[in-house]
Amino acid sequence: MLDIKKIRENAASIQSELSKRGPRYSLQGLLDKDKKRKELLLKAEELKAKRNKASEEIAALKKIKQDASQLIQEMQGVSAEVKALDPEINSLTEEINEELLNIPNLPDSSVPAGKDEKDNQVIREWGIKPSFDFVARDHTDVGETLDILDFKTAAKLSGTRFAILKNNGAMLERAIISFFLDIHIQKHGYQEIWVPFLVNPQSLQGTGQLPKFESELFKCRDDELYLIPTAEVPVTNMHRDEILDAALLPRKYVCYTACFRREAGSYGKDTRGLIRNHQFNKVELVKFAKPENSFQELEDLTHDAEEVLQLLKIPYRVVALCSGDLGFSSAKTYDLEVWMPGESRYREISSCSNFTDYQARRMNIKYRDDNKTLQFVHTLNGSGVAIGRAFAAILENYQQKDGSVLLPEVLLKYTNGIKIINKA
RNA sequence: GGAGGCGUCGCAUAGUGGUUGAGUGCACCGGUCUUGAAAACCGGAGUCCGGGCAACUGGACCGAAGGUUCGAAUCCUUCCGCCUCCGCCA
């Protein structure tokens with residue numbers, strides 16, 4: 001969340017930065033409540049100071065066995081006043097907090113201004129789009145023909161937007177996961193971590209999914225637990241309420257998890273194939289960084305994610321999200337988009353963001369700076385990268401005229417030497 | 001699911017209604033001593049929210065929320081978390 005002190009001091013400029021996101025987030029109600037709360041707080045604290053002092057006097061009087069009944073009577077009145085004020089202050093505090101939780105992060109000044117995804121900026125492109133002497137098919141078509149993807153049976157088990165991977169398809173999914181993990185662990189120096197796929201509401205509030213986006217989450221009926229929409233949630237929350245050792249920053253984690261999203265509101269969109277499923281696999285990169293380095297860390301993290309696509313030799317581009325398309329908690333985001341020949345378009349496969357101190361403030365994650373002052377860390381994360389979409393991209397970019405799919409060379413050591421997927 | 005135990009300032013602990021402005025040990029920071037270090041000794045240190053140009057100063061915080069009281073780490077209620085044992089189980 002944003003710092004209430006900064007909002008108080010720079011209301012106008014923060015308001016204008018917020019409005020770059022598009023929908024109006026008004027700070028006025030917040031400021032009014034804050035002012036009211038401060039007045040009441042001052043009053044209550046004065047009363048409490050008075051009471052604390054009198055309590056000492058009463059104790060002293062009782063010790064020498066003198067009568068304190070007049071003071072006690074007086075303090076009964078003071079305590080009654082306090083008892084009236086405190087709940088009012090508490091409910092104002094709660095309301096203020098609630099409003100703060102619903103205000104998104106401020107876009108960084110380097111973020112291109114814009115309304116929606118059409119205003120996103122292509123930063124760079126990599127690779128050569130494959131050319132085929134036949135009509136390229138989409139991954140659903142390719143996968144079903146090879147009997148490695150089965151959406152019909154998945155629908156029987158769970159409904160739409162689920163997939164079953166079969167035969168060498170299941171094997172390929174596993175190979176991609178292992179390959180991504182190994183690159184980030186061995187080459188990029190991330191620490192491997194394995195986490196729960198179910199988390200409590202507090203964790204989701206920490207990273208920003210709650211309270212505003214509950215409808216996107218799968219929730220357990222009998223327990224206060226949610227299925228994670230991304231590994232970002234458990235991994236970032238590992239350090240909730242902690243003071244991190246400055247010498248160990250940046251901390252870099254890589255984590256494979258399944259991810260679960262309700263995709264409410266995306267009815268009719270990408271209903272086919274692997275692109276937008278309720279359950280998908282992802283290898284996630286998460287960093288905790290010092291504020292002065294966080295934007296450089298974002299560049300590095302983005303390059304780390306890009307490298308797995310380069311190694312797979314899949315063409316992609318890097319896009320800077322504009323202010324209107326930015327995620328709720330993010331100050332700056334680069335999307336990686338892979339080329340999908342079957343659709344003749346780019347598809348998002350990774351999203352790399354710097355959340356600055358927004359999540360850290362929600363989660364209370366700090367470190368001591370060079371002056372030994374406590375500061376909030378900056379948190380970052382990015383997909384490195386989504387497995388299902390990488391699977392789809394491989395099928396489309398590596399498809400052959402006869403319907404088979406060649407496998408990227410770098411995967412050979414993970415596929416038990418299988419170089420090509422043919423119909424079983 | 002059943003029974004029992006426990007949640008105190010980074011860690012470990014003391015503390016059952018009023019000098020608790022939460023003690024002690026370890027760890028931490030500064031100093032003395034030392035060629036340097038260790039040890040020893042001396043001293044200092046928490047977080048959050050306010051007021052003040054500042055020195056400084058008010059309030060809150062002992063898992064959480066309520067309650068009793070002039071006054072709560074301490075008493076009462078509810079909740080949460082952790083541990084141990086039993087049951088069930090991959």
Side-chain angles (χ1 to χ4, degrees), chain A residues 1-9 30-101 194-206 210-211 219-226 234 237-249 251 258 288 357 360-377:
Chain A
M1 61 182 123
L2 300 182
D3 186 353
I4 182 76
K5 274 187 242 172
K6 281 191 185 140
I7 295 178
R8 223 179 267 153
E9 286 158 18
L30 189 67
L31 288 166
D32 292 344
K33 281 177 189 158
D34 181 56
K35 199 174 158 202
K36 181 91 188 289
R37 177 178 170 274
K38 219 163 150 182
E39 280 168 21
L40 295 178
L41 196 62
L42 203 70
K43 224 194 263 179
E45 287 187 355
E46 272 171 19
L47 289 170
K48 283 178 187 172
K50 199 166 156 190
R51 188 177 66 184
N52 286 344
K53 219 169 186 178
S55 280
E56 268 176 55
E57 286 171 36
I58 291 169
L61 285 173
K62 290 220 164 180
K63 206 168 189 181
I64 56 170
K65 310 240 191 264
Q66 291 206 1
D67 178 48
S69 57
Q70 197 186 327
L71 252 184
I72 289 176
Q73 202 182 353
E74 208 179 307
M75 285 312 110
Q76 282 173 345
V78 171
S79 269
E81 276 187 80
V82 169
K83 215 167 260 183
L85 278 173
D86 272 349
E88 207 176 335
I89 293 166
N90 287 344
S91 71
L92 271 174
T93 307
E94 229 167 89
E95 284 173 43
I96 289 166
N97 208 31
E98 186 72 20
E99 289 206 31
L100 280 174
L101 288 175
W194 188 285
V195 295
F197 293 2
L198 287 163
V199 294
N200 58 32
Q202 206 184 346
S203 296
L204 288 152
Q205 179 174 301
L210 287 180
K219 186 183 179 185
C220 297
R221 191 186 59 193
D222 293 332
D223 300 281
E224 274 295 298
L225 290 169
Y226 296 80
N237 273 281
M238 283 197 308
H239 292 304
R240 167 147 49 86
D241 290 317
E242 284 185 12
I243 297 168
L244 301 182
D245 185 347
L248 297 178
L249 295 176
R251 307 209 47 164
F288 299 81
D357 60 357
R361 185 169 279 111
R362 281 170 167 247
M363 279 181 284
N364 189 29
I365 305 177
K366 297 181 170 178
Y367 78 105
R368 282 187 199 282
D369 66 14
D370 295 340
N371 302 319
K372 302 201 170 145
T373 311
L374 284 175
Q375 305 278 1
F376 289 111
V377 299

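Per chain, numbering begins at 1; letters A, B, ... match sequence-line order. Not measured: the values here are computed from a predicted model. FYI, side chains are in, hydrogens and waters are out, and symmetry mates aren't considered; it's all heavy atoms of this structure.
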Tell which nucleotide pairs with [N], taking only Watson-Crick or G-U wobble pairs whose two distances are both under 3.5 angstrom.
| N | value |
| --- | --- |
| B/A64 | B/U78 |
| B/G21 | none |
| B/C89 | none |
| B/G4 | B/C83 |
| B/A40 | B/U32 |
| B/G50 | B/U57 |
| B/A72 | none |
| B/C9 | none |

Exercise for the section: Have a look at A/N90 and say if it touches a base, only the backbone sugar-phosphate, or nothing, with a 4.0 Å heavy-atom cut-off. Expected result: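 Counting heavy atoms under 4.0 Å across all strands, the contact made by A/N90 is with sugar-phosphate only.
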
Exercise for the section: Specify the closest pair of heavy atoms between A/I7 and A/L30, including all atoms of both residues, with the distance to one decimal. Expected result: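 So the two residues come closest at CD1-CD2, 3.9 Å.
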
Handout entry: Shortest non-hydrogen contact between A/L47 and A/V78, atoms and distance
Key =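 Result for this residue pair: O-CG1, 3.7 Å.
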
Does [N] have OP1 or OP2 sitting under 4.0 Å from an N or O in the side chain of [X]?
| X | N | result |
| --- | --- | --- |
| A/K83 | B/U68 | yes |
| A/R8 | B/C49 | no |
| A/S69 | B/C70 | no |

Exercise for the section: Please list, by residue number, the residues of residues 31-51 of chain A whose heavy atoms come closer than 4.0 Å to an atom of RNA chain B; answer none if no residue qualifies. Expected result: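 Close to the strand are A/K38, A/L41, A/L42, A/E45, A/K48, A/A49, A/R51.
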
Calculate the interatomic distance between [X] atom [atom1] and [N] atom [atom2]; express it in whole Å.
| X | N | atom1 | atom2 | answer |
| --- | --- | --- | --- | --- |
| A/L244 | B/G10 | CG | C1' | 13 Å |
| A/E242 | B/C9 | CD | P | 15 Å |
| A/Q375 | B/C48 | CD | C1' | 15 Å |
| A/N52 | B/G71 | CG | P | 10 Å |
| A/I243 | B/C28 | CD1 | C1' | 13 Å |
| A/I89 | B/A60 | CD1 | P | 12 Å |
| A/D245 | B/C11 | CG | P | 15 Å |
| A/L225 | B/C80 | CG | C1' | 13 Å |

Handout entry: Position toward the 5' end of RNA chain B (nearest nucleotide), A/L374 or A/K53
Key =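 Looking at the nearest nucleotide for each, A/L374 comes out on the 5' side.
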
Same-atom distance ([atom1]) from [N] to [M], integer angstrom:
| N | M | atom1 | value |
| --- | --- | --- | --- |
| B/C42 | B/G58 | P | 30 Å |
| B/G4 | B/A12 | P | 26 Å |
| B/G23 | B/U74 | C1' | 15 Å |
| B/C29 | B/G67 | C1' | 43 Å |
| B/G17 | B/A72 | P | 14 Å |
| B/G10 | B/G5 | C1' | 25 Å |
| B/G52 | B/G63 | P | 34 Å |
| B/C83 | B/U78 | P | 23 Å |

Exercise for the section: For the pair A/R362 (side chain) and A/Q205 (backbone), establish whether a donor and an acceptor sit closer than 3.5 Å, ignoring hydrogens and angles. Expected result: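 Yes.
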
Problem - Nucleotide of B/C70, B/C49, B/C48 approaching A/S79 most closely (side-chain heavy atoms) - result: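 It is B/C70.
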
Please list, chain by chain and in numerical order, all residues satisfying salt bridge (charged side-chain N to carboxylate O under 4.0 Å, His left out) with [X], sequence neighbours excluded.
| X | value |
| --- | --- |
| A/E56 | none |
| A/E9 | none |
| A/R368 | none |

Handout entry: Electrostatic pair A/R37:A/E88 at N-O distance under 4.0 angstrom
Key =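 Looking at A/E88 together with A/R37, the answer is no, because their closest N to O distance does not fall below 4.0 Å.
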
Exercise for the section: Assign a letter to each nucleotide of nucleotides 15-22 of chain B from its 5' end: B, base within under 4.0 Å of a protein heavy atom; S, sugar-phosphate only; -, no contact. Expected result: ---B----

Exercise for the section: Count the heavy atoms of every other residue, nucleotide or ligand shown that sit under 6.0 Å from NZ of A/K33, and state whether that count exceeds 12. Expected result: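 Check passes, neighbour count above 12.
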
Practice task
Dump the intermediate steps for side-chain contact (heavy atoms from CB on, under 4.5 Å) on A/M363 and A/H239, then the final yes or no.
Solution key: CA-CA 8 Å; A/M363 279 181 284; A/H239 292 304; over 6 Å; no

Problem - Test side-chain contact (heavy atoms from CB on, under 4.5 Å) applied to A/V199 and A/N237, step by step - result: CA-CA 10 Å; A/V199 294; A/N237 273 281; over 6 Å; no

Practice task
Please step through side-chain contact (heavy atoms from CB on, under 4.5 Å) for the pair A/K48 and A/D86, ending with a clear verdict.
Solution key: CA-CA 11 Å; A/K48 283 178 187 172; A/D86 272 349; 3.4 Å; yes

Write out a two-atom table: protein N or O, nucleotide N or O from nucleotides 61-64 of chain B, distance below 3.5 Å.
none

Practice task
Evaluate the criterion side-chain contact (heavy atoms from CB on, under 4.5 Å) for residue pair A/Q375 and A/D357; output intermediate values, then yes/no.
Solution key: CA-CA 9 Å; A/Q375 305 278 1; A/D357 60 357; over 6 Å; no

Practice task
Under the side chain to side chain donor-acceptor pair (under 3.5 Å) rule, what do A/S55 and A/N52 come out as? Steps first, then yes or no, please.
Solution key: CA-CA 5 Å; A/S55 280; A/N52 286 344; 5.6 Å; no

Handout entry: Atom pair CG (A/L249) and CG (A/D369), whose distance is rounded to the nearest 0.5 Å
Key =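 So the CG of A/L249 and the CG of A/D369 are separated by 11.5 Å.
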
